[in-house]
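Both counts, for ligands and for their atoms, begin at 1 and track the order of listing.
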Amino acid sequence: MVLDAYKSPNFDERGDVKPSLIILHYTGMETMMGAVQKLIDPDSKVSAHYTVDEDGTVYRHVDESKRAWHAGHSFWRGETDINKHSIGIEIVNPGHEWGYRPFTGHQMKSVTDLCRDIMNRHGIEDENVLGHSDVAPSRKQDPGEYFPWKDLALQGIGVWPDPSDEDAVKAAGLNIERALHDFGYDSRVKLRDKITAFQRHFVHEAFANGQAGEADQLTRVRLYALLAGHLLEPQ
Ligand SMILES: [Zn+2]
């Protein structure tokens with residue numbers, strides 16, 4: 001269910017542009033209401049199209065036809081006005097500052113349904129569902145390394161690499177910096193920040209073993225497979 005209880009005045013026009021990206025965030029505040037109050041406060045100058053609470057409730061703050069203010073200074077595949085080209089979804093979680101925790105099942109069910117609906121209505125490509133950290137690697141960590149990107153990809157939302165044996169061999173010679181740029185990351189960003197952002201999305205193992213920021217073999221192989229278009233099929 002989508003509730004219009006908390007509409008935000010923080011938006012402007014997209015112009016002729018149709019949304020082609022979905023940017024996923026966590027709220028990064030202690031409470032859901034704290035986050036919502038900020039998103040609807042005219043002085044905050046921030047917003048998103050939706051917030052998904054931990055119980056699965058979806059609040060709509062800004063109409064999809066309008067440009068919400070969620071991505072800030074950002075970049076993806078040459079585009080720097082990410083707000084103009086995207087729909088922004090905030091997912092309630094205290095985040096790294098206030099006690100990062102796993103997203104709930106109710107929440108992920110709502111995020112899945114909402115993303116699928118948005119993708120169908122606007123014809124958004126699977127590969128264009130991204131995290132805030134993908135488009136702003138040096139500034140942002142959200143939605144973070146607990147976000148179940150692989151589960152979403154299995155349901156046709158976003159993509160997940162499915163490397164072949166050959167990919168694993170070829171990936172050893174990958175120019176990691178160029179490959180991250182080819183995938184979409186901003187070449188002006190520090191390499192370590194880009195690797196970490198890629199791992200927050202595609203290599204959660206790097207956080208479990210304390211190797212975040214290092215371009216290890218698993219990172220190379222998954223990036224190689226993504227660029228080769230070797231992707232997990234939705235189930
Ligand atoms: Zn964010």
Side-chain angles (χ1 to χ4, degrees), residues 6 8-12 14 19-41 43-54 57-62 64 66-77 79-104 107-108 110-112 114-115 118 124 127-149 152 157-158 184-186 189-190 193-202 204 207 212:
Y6 302 109
S8 176
N10 302 332
F11 63 85
D12 52 15
R14 287 188 193 277
S20 56
L21 298 164
I22 296 177
I23 305 297
L24 301 180
H25 304 256
Y26 65 46
T27 50
M29 307 228 358
E30 283 180 283
T31 65
M32 177 277 205
M33 271 317 295
V36 166
Q37 292 296 349
K38 186 173 173 191
L39 294 170
I40 66 175
D41 176 357
D43 293 330
S44 76
K45 305 283 186 223
V46 297
S47 63
H49 293 92
Y50 298 98
T51 294
V52 181
D53 198 2
E54 288 189 301
T57 306
V58 179
Y59 297 95
R60 174 167 38 219
H61 309 298
V62 174
E64 289 176 10
K66 304 296 184 188
R67 179 178 175 275
W69 303 340
H70 53 96
H73 184 67
S74 48
F75 177 102
W76 191 253
R77 294 188 180 166
E79 181 55 58
T80 53
D81 191 345
I82 299 298
N83 285 337
K84 188 172 184 176
H85 292 270
S86 66
I87 289 179
I89 302 174
E90 291 281 353
I91 306 166
V92 173
N93 190 302
H96 293 86
E97 192 175 348
W98 299 102
Y100 190 41
R101 59 194 184 215
F103 297 86
T104 73
Q107 214 168 18
M108 291 317 302
S110 291
V111 169
T112 303
L114 181 60
C115 285
I118 293 168
I124 293 175
E127 63 182 18
N128 285 351
V129 183
L130 302 168
H132 198 187
S133 54
D134 290 315
V135 299
S138 298
R139 297 190 301 117
K140 295 293 173 178
Q141 299 180 289
D142 61 313
E145 61 276 10
Y146 290 158
F147 193 73
W149 288 106
L152 278 190
I157 295 153
Y185 291 91
D186 189 347
V189 165
K190 262 197 335 201
D193 291 349
K194 277 182 292 201
I195 293 170
T196 305
F198 180 79
Q199 291 169 331
R200 276 192 211 287
H201 192 143
F202 293 107
H204 294 175
F207 294 86

Can you tell me the N, O or S atom of [X] that's nearest the Zn ion (ligand 1)?
| X | value |
| --- | --- |
| Asp142 | OD2 |
| His25 | ND1 |
| His132 | ND1 |

>> With no hydrogens and no angle check, just 3.5 Å: does a side-chain donor-acceptor pair link Asn128 and Ser20?
In response: no
For the residue pair [X] and [Y], categorise the inter-ring angle as parallel (less than 30°), tilted (30 to 60°) or perpendicular (more than 60°).
| X | Y | value |
| --- | --- | --- |
| His201 | Trp149 | parallel |
| Tyr146 | Tyr100 | parallel |
| His61 | Tyr59 | parallel |

